[in-house]
Amino acid sequence: MSETRRKLTTIFCADVQDYTRLMGADEEGTLAALKRCREAMGRLIESHGGRVINTWGDGLIADFPSVVEAVRAAVDTQNELAGFNARRPADGRMLFRIGINLGDVIVEGEDIYGDGVNIAARLQASAAAGGIVISSTVYDQVRNKVAVGFEFLGPLMVKNVDEGVPSYAVKIGDAKDETPPPERPAAIRQQPAAAVVDAAPAPGGRRLYGVLGVIAAVLIGINLLSWQGIFWARFPVLALGVVAALAWNRGQIRFNRKIGTLAIVALGLAGLNLFTWTGEFWAVWPILGIAAVMGVRWSMRR
């Protein structure tokens with residue numbers, strides 16, 4: 001029986017953009033190109049001290065003892081494949097997406113599993129064709145050691161990981177304009193069992209919004225039908241709106257969720273101040289405090 005243990009390692013995950021389309025257009029040519037690209041990638045991975053662990057379909061997983069060498073291998077891979085694709089027609093180019101994460105994994109025989117692999121696969125799925133996306137744990141180790149630029153993309157949501165994983169796009173040469181902006185929806189592709197990811201909103205989110213909407217409508221209806229000159233329903237409706245916003249924030253991936261929570265609380269306070277207006281904007285002080293906290297958190301994440 002194989003031994004099961006844990007280790008800290010750098011996970012390198014890659015797959016081909018639009019592989020299904022390429023196979024549909026030319027199966028034999030696509031398989032030949034995939035084999036050639038994998039051979040080049042495997043050679044570069046080994047030259048940087050890495051090890052190819054597994055291949056599936058159009059994908060590949062490798063690990064590296066050095067974070068810096070993993071990023072250098074990814075950059076060299078994309079540069080070499082760019083030369084290969086330059087000789088191919090535009091609709092037949094084999095463009096790989098690469099994700100790199102430094103994390104703790106479970107080792108079983110020659111395979112690795114766990115959240116560290118899941119995160120690498122999610123980063124790969126969010127990369128542009130021919131691009132590289134790395135986690136913040138990788139960025140912290142390589143930002144002053146590899147001659148490339150980086151663009152902060154924001155947090156990515158990963159299955160079994162409570163907080164979003166801050167991610168960075170690696171800028172390679174003239175690929176600056178091809179780097180995916182933070183607001184670009186990540187293209188989620190099917191991964192192997194060892195690298196299942198989930199960036200979808202929590203199930204039942206729409207039902208929650210529906211229930212909150214119905215409750216708000218009922219409260220407003222009761223208020224109007226029993227009208228005595230006071231619109232008291234505005235307070236519970238405001239509270240319901242804050243709950244709905246917090247539920248949305250919990251499932252979104254575009255912004256830092258903690259900063260999003262602070263912003264929602266600030267808007268709730270501003271609404272409460274307006275609904276109880278007596279000529280004084282008292283909410284400015286707690287909102288100012290929240291803004292200061294948000295600014296500090298944002299600068300620290302940058």
Inset, instruction - I would like to know whether Arg5 and Glu108 meet salt bridge (Lys or Arg N to Asp or Glu O under 4.0 Å); could you show each step before the answer? - result: CA-CA 7 Å; Arg5 57 190 177 86; Glu108 191 172 75; over 6 Å; no
Inset, instruction - Show your working on salt bridge (Lys or Arg N to Asp or Glu O under 4.0 Å) between Lys7 and Asp104 and close with a plain yes or no. - result: CA-CA 6 Å; Lys7 72 174 181 178; Asp104 189 78; over 6 Å; no
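For the pair Leu269/Leu267, no side-chain contact is recorded, criterion being any heavy-atom separation below 4.5 Å from C-beta on. Contact annotation: the side chain of Phe64 never approaches that of Ile11 to less than 4.5 Å [non-hydrogen atoms, C-beta and beyond]. Looking at Asp63 and Phe12, their side chains never come closer than 4.5 Å, going by heavy atoms from C-beta outward. Taking 4.5 Å as the limit, every side-chain heavy atom of Val107 sits out of range of all side-chain heavy atoms of Arg6. Side-chain contact check for Trp282 versus Leu272: some heavy-atom pair is nearer than 4.5 Å. The shortest side-chain heavy-atom distance between Lys171 and Val148 does not fall under the 4.5 Å cut-off. Contact of the Leu123 side chain with the Ser135 side chain is registered, since non-hydrogen atoms from C-beta on lie closer than 4.5 Å. Contact check for Glu110 versus Asn54: no side-chain heavy atoms found under the 4.5 Å cut-off.
Going from atom CD1 of Ile134 over to atom CD of Gln124 covers 15.0 Å, rounded to the nearest 0.5 Å. Leu81 contributes atom CG, which lies 12.5 Å from atom CZ of Arg93 (distance to the nearest 0.5 angstrom). Taking CD of Gln78 as the reference point, atom CG of Leu95 lies at 8.0 Å (rounded to 0.5 Å). Rounded to the nearest 0.5 Å, atoms CZ (Arg72) and OG (Ser47) are 11.5 Å apart. Atoms CG and CZ, on Asp76 and Arg43 in that order, are 9.5 Å from each other to the nearest 0.5 Å.
Other residues sharing a hydrophobic cluster with Trp227 under the 4.5 Å side-chain heavy-atom criterion for ILVMFWY residues are Ile220, Leu224, Phe231, Val237.
Judged by distance alone, with hydrogens and angles left aside, the side-chain atoms of Ser167 form a donor-acceptor pair with the main-chain N or O of Gly154 at under 3.5 Å. Proximity of a side-chain donor or acceptor of Arg21 to a complementary backbone N or O of Asp91 within less than 3.5 Å is detected. Judged by distance alone, the side chain of Asn223 and the main-chain N or O of Leu219 form no donor-acceptor pair under 3.5 Å. The closest donor-acceptor contact from the side chain of Asn85 to the backbone of Ala90 lies at 3.5 Å or more, if one exists at all. No donor-acceptor distance shorter than 3.5 angstrom exists from the side chain of Asp58 to the backbone of Asp15, with no hydrogens or angles considered.
Following chains of ILVMFWY side-chain contacts shorter than 4.5 Å, one cannot reach Phe281 starting from Val265, and the two form parts of different hydrophobic clusters. Val71 and Leu8 end up in the same hydrophobic cluster when Ile, Leu, Val, Met, Phe, Trp and Tyr side chains are linked at under 4.5 Å. Connection of Val16 to Val52 is established within a shared hydrophobic cluster, with ILVMFWY side chains joined at heavy-atom distances below 4.5 Å, either directly or through further cluster members.
The pair Lys145-Glu69 does not count as a salt bridge, with every side-chain nitrogen at least 4.0 angstrom from each carboxylate oxygen.
Applying the 6.0 Å contact sphere to CZ of Arg88 captures more than 12 heavy atoms from other residues, nucleotides or ligands.
Each of Ile61, Ile100, Asn118, Leu60 was checked for a side-chain contact (heavy atoms from CB on, under 4.5 Å) with Cys13, and the lone residue meeting it is Ile61.
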